[in-house]
Amino acid sequence: MTASVAPRGQVRALGPADTDRYCNHLARLDPAARRMRFFADVSDFHVLFHAGAALSDGRAVVGYVEDDEIRGACELLETDRADHGAEAAFSVESDWRCQGIGGLLMAAMIADARRRGVLRIEMQCLKSNAPMQALAARFTSDLRQIGDTTLAVLDNSPAIPAA
Ligand SMILES: CC(C)(COP(=O)(O)OP(=O)(O)OC[C@H]1O[C@@H](n2cnc3c(N)ncnc32)[C@H](O)[C@@H]1OP(=O)(O)O)[C@@H](O)C(=O)NCCC(=O)NCCS
């Protein structure tokens, strides 16, 4: 159950100037969280390389920043330009979980995706990743079980105005 105390940090877009902070955030994820986030056991070098690339290759990255440290983030990577599709991936440090930060990042990412014309957002996680599925289920009812993974699909097309 998500805590009722509102997080005191802020969610904002991250850019190249945040590379060190973002790298530190990803490096603080414990091995289990790294596995959930990257679907593999990744090295510190991989994390460092990933942080630099993610903040400079044009993808949208939003971060939860508290006391000048990034404690949570969501990346939105366009995967299918023709179909306006993108994939989102989340990370929140363990001591900051279950406070609604994942939900704040999701809402900011959805707004950003809409500004970029992204109409379909996919979120993939391991079937055993109950927190990610609970987070996704607050925003979409389209959760598909595919082998060892769960795919959440969020229709991000603008709401059809009422007649
Ligand atoms: C998934 C993740 C981003 C969620 O972040 P968060 O800030 O805790 O998200 P929220 O607080 O908004 O919501 C967490 C939800 O998980 C639920 N949850 C937490 N632990 C749970 C568990 N063991 N079983 C079931 N649900 C659980 C909470 O109850 C909450 O759901 P609710 O609001 O419906 O009650 C975070 O756990 C994380 O970074 N995990 C490691 C990386 C990862 O798994 N990334 C996803 C793949 S890209």
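The shown structure was predicted, so the numbers you read here are calculated from the model rather than taken from an experiment. All ligand and atom numbering here is 1-based and tracks the order in the structure.
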### Ligand-side contact atoms (ligand 1) for residue partner A89, heavy atom cut-off under 4.0 Å
48 (S)
### Query
For ligand 1, which atoms have a heavy atom of S91 less than 4.0 angstrom away?
39 (O)
### Query
Taking atom types as modelled, is there a side-chain donor on T79 or E87 under 3.5 Å from an acceptor on the other?
no
### Message
Could you tell me, atom by atom, which parts of ligand 1 come under 4.0 Å of a heavy atom of V92?
### Response
3 (C), 5 (O), 7 (O), 38 (C), 39 (O)
### Query
Quick one: does A88 get an N or O within less than 3.5 Å of an N or O on ligand 1?
no
## Note on the structure
Here the atoms of ligand 1 under 4.0 Å from any heavy atom belonging to Q99 are 11 (O)
### Message
So, regarding A134 and ligand 1 (criterion: nitrogen or oxygen to nitrogen or oxygen, under 3.5 Å), is there a contact or not?
### Response
no
#### Entry: C98 heavy atom under 4.0 Å from ligand 1
yes
### Query
Mind checking whether R37 has an N or O less than 3.5 Å away from an N or O of ligand 1?
no
### Message
With a 4.0 Å cut-off on N to O distance, would you call R21 and E69 a salt bridge?
### Response
no
### Message
Atom CZ of residue position F39 - does it have more than 12 heavy atoms of other residues, nucleotides or ligands inside 6.0 Å?
### Response
yes
### Query
Should you measure from each heavy atom of G103, which atoms of ligand 1 turn up under 4.0 Å away?
12 (O)
### Query
Which of the atoms in ligand 1, numbered in the order shown and given with their element, are less than 4.0 Å from a heavy-atom of M36?
42 (C), 43 (C), 44 (O), 47 (C)
### Query
Going by the order shown, which atoms of ligand 1 are within less than 4.0 Å of some heavy atom of A130?
24 (N), 25 (C)
### Message
Quick one: does any side-chain atom of D83 pair with a main-chain N or O of G85 as donor and acceptor, under 3.5 Å?
### Response
no
### Message
Just so I know, are the side chains of V92 and Y64 near enough to count as touching, which here means a heavy-atom distance under 4.5 Å?
### Response
no
### Query
Does the N or O separation between Q124 and ligand 1 drop below 3.5 Å for any pair?
no
### Query
Transitively linked via ILVMFWY side-chain contacts under 4.5 Å: L119 with M109?
no
### Task
Look only at the side chain of D18 and the backbone of G15, and say whether a donor-acceptor pair between them is shorter than 3.5 Å.
yes
### Task
State, without any angle test, whether N156 and R114 hold a side-chain donor-acceptor pair at a distance under 3.5 Å.
yes
### Message
Quick one about E75 and Y22 (side-chain donor to acceptor, distance below 3.5 Å, no hydrogens or angles considered), yes or no?
### Response
yes
### Message
Could you tell me, atom by atom, which parts of ligand 1 come under 4.0 Å of a heavy atom of M132?
### Response
1 (C), 46 (C)
